Amino acid sequence: MLTVYSDAHRLQHGQSELIDGTLKPCFETPSRADMVLAAVRERELGDIIHPRRHGLDPILRVHDADYARFLETAWQRWSDMGRDYDALPKMWQIRRLREAIPDHVEGQLCYYSMDCGTPITAGTWAAATAAADTALTGADRLIGGERAVFALTRPPGHHAAFDYCGGYCFLNNAAIAAQALRDRGMRKVAVLDVDYHHGNGTQDIFYRRADVLFLSIHGDPRTEYPFFLGFADEKGEGEGLGYNFNFPLSAGSCVSTWFVALDCALDQIARFGAEALVVSLGVDTYRGDPISRFQLDSPDFVTLGARLAGLKLPTLFCLEGGYAVGPIGTNVVNVLAGFEARG
Ligand SMILES: NCCCNCCCCCC(O)(O)C(F)(F)F
Ligand SMILES: [Zn+2]
C-alpha cells in the first residue's frame, strides 16, 4: 500500500494543552508520526511519496474562507502582541452571548476554537496545509487507480468543522479528501470514523448532504470528548437525513461490542452504494491509550483492516488519533496490513 507523508508535520509542535482541568504537555506530538513512519518502513508496507501542493481551493470546498484566513494569520497577529508562546483561547461564545466575530485575534481565537487543547503555533498553518495536501495526494492516487492509499496525516483533522478548530485539528483532512473525490467524479463517498472520539467536524461538514455518508464509532459523548455531538439520534438534516450514523459506545465497552458496531457501519456503507471509502483512522481505541477508554488490542487492528477490505472499495486511510506512542506504529500498520492481506 502506498503511503503519502510530509516532514512538514513537525512544524506543529504544541507545548501545552488544557486537559482535565490542568495544563499538560500536548499528547498530539511529532513522535506519533515518526513512529508510524518507522513502522511503515519496517513492515515494508509499500512506497512512500511526498504530497503535491494543492493550494487553498480544495480546502475552501469544505471550510469557511474567514476561518481559513484566521488560521493563516493567527500566529503572526498573536506574536505581534509580544507573545512568543502557543496561542490558546480563554473563553467561549457560550449560550446567549452575541455570535459576533471579534476583530481582535484574541477574540477570534475564542470564536474559532472548540476547546483549549489545540494550540496555534508558528508552524500550525504550514503543518495543517501539508496534512491537507497529504490527504489530497492520496485522493489523487485513488482516482488514478490505486486500490488503497495511506495518508499519514498530522495534525489530525476530524474535529475540525466548517468554521472551527479543536481536538488537535485545524483542517479536516478526511473531509477535504472526500470532497476532492466527489469533485473528481465519484458520485457517492463514505467517510468511516473509527477514532475513539466522535468526528464532530466531519459530521458538521456533511450533515446536510446525501452524497457523502458519514459514520462514526466512538466513546459515548455523555461521558467522552467532544461531549456535545455524536449521539445516535443525529441522523442528518434536510437532504442529508438518513446519511449520518453515530454508534456511541460506553467507555470500557468490550472488543466484540466494538466489532458489532463496525459490522453495522459496514452494512450501511454497502447499502449506500459508496464508490469510495475514506477512513478516519484513529487508533486511540487501543486498550493502552492514555486518554481513551476502549479495549482493542494490537491484533484487533488486523481484524479491522480485513473487515474494511471486505467492502472492496477504493479506500483512503487518513491518520487521526492514537496516543500510546510506543505501539502506535504497530497498531496503524496492523490495520493497513490486515486490509492488504484480505486482498
Ligand atoms: N479527558 C480526555 C480529554 C480529551 N481532550 C481532547 C481529546 C482530543 C482527541 C483528538 C483525536 O484523537 O480525536 C484526534 F484524532 F483528533 F486527534
Ligand atoms: Zn481520538
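Indexing begins at 1, ligand by ligand and atom by atom, following the structure's order. Not measured: the values here are computed from a predicted model.
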Can a side-chain donor-acceptor contact be found between [Y] and [X] if the only test is distance below 3.5 angstrom?
{"X": "His198", "Y": "Asn246", "result": "yes"}
{"X": "His218", "Y": "Asp195", "result": "no"}
{"X": "Asp220", "Y": "Ser250", "result": "no"}

Considering only N, O or S atoms, which atom of [X] is nearest to the Zn ion (ligand 2)?
{"X": "His197", "value": "ND1"}
{"X": "Asp284", "value": "OD2"}
{"X": "Asp195", "value": "OD1"}

Answer yes when Arg271 and Asp267 have at least one side-chain N-carboxylate O distance shorter than 4.0 Å, and no when they do not.
-> yes

Give me the other members of the hydrophobic cluster that Ile94 sits in, counting Ile, Leu, Val, Met, Phe, Trp and Tyr linked by side-chain heavy atoms under 4.5 Å, directly or via other members.
-> Met91, Leu97

Applying a heavy-atom distance cut-off of 4.0 Å, which protein residues contact ligand 1?
-> Ile19, Asp20, Pro156, His158, His159, Gly167, Tyr168, Cys169, Asp195, His197, Tyr225, Asp284, Glu320, Gly321, Tyr323

State whether the side chain of Gln108 and the backbone N or O of Pro102 hold a donor-acceptor pair below 3.5 Å, judged by distance alone.
-> yes

Report yes or no: does Glu320 have an N/O/S atom closer than 2.8 Å to the Zn ion (ligand 2)?
-> no

Would Tyr112 and Tyr164 count as a close aromatic pair, with their ring centres under 6.0 Å?
-> no

Answer yes or no for Lys235 and Tyr243: cation-pi contact, defined as NZ/CZ to six-membered ring centre under 6.0 Å and angle to ring axis within 45°.
-> no

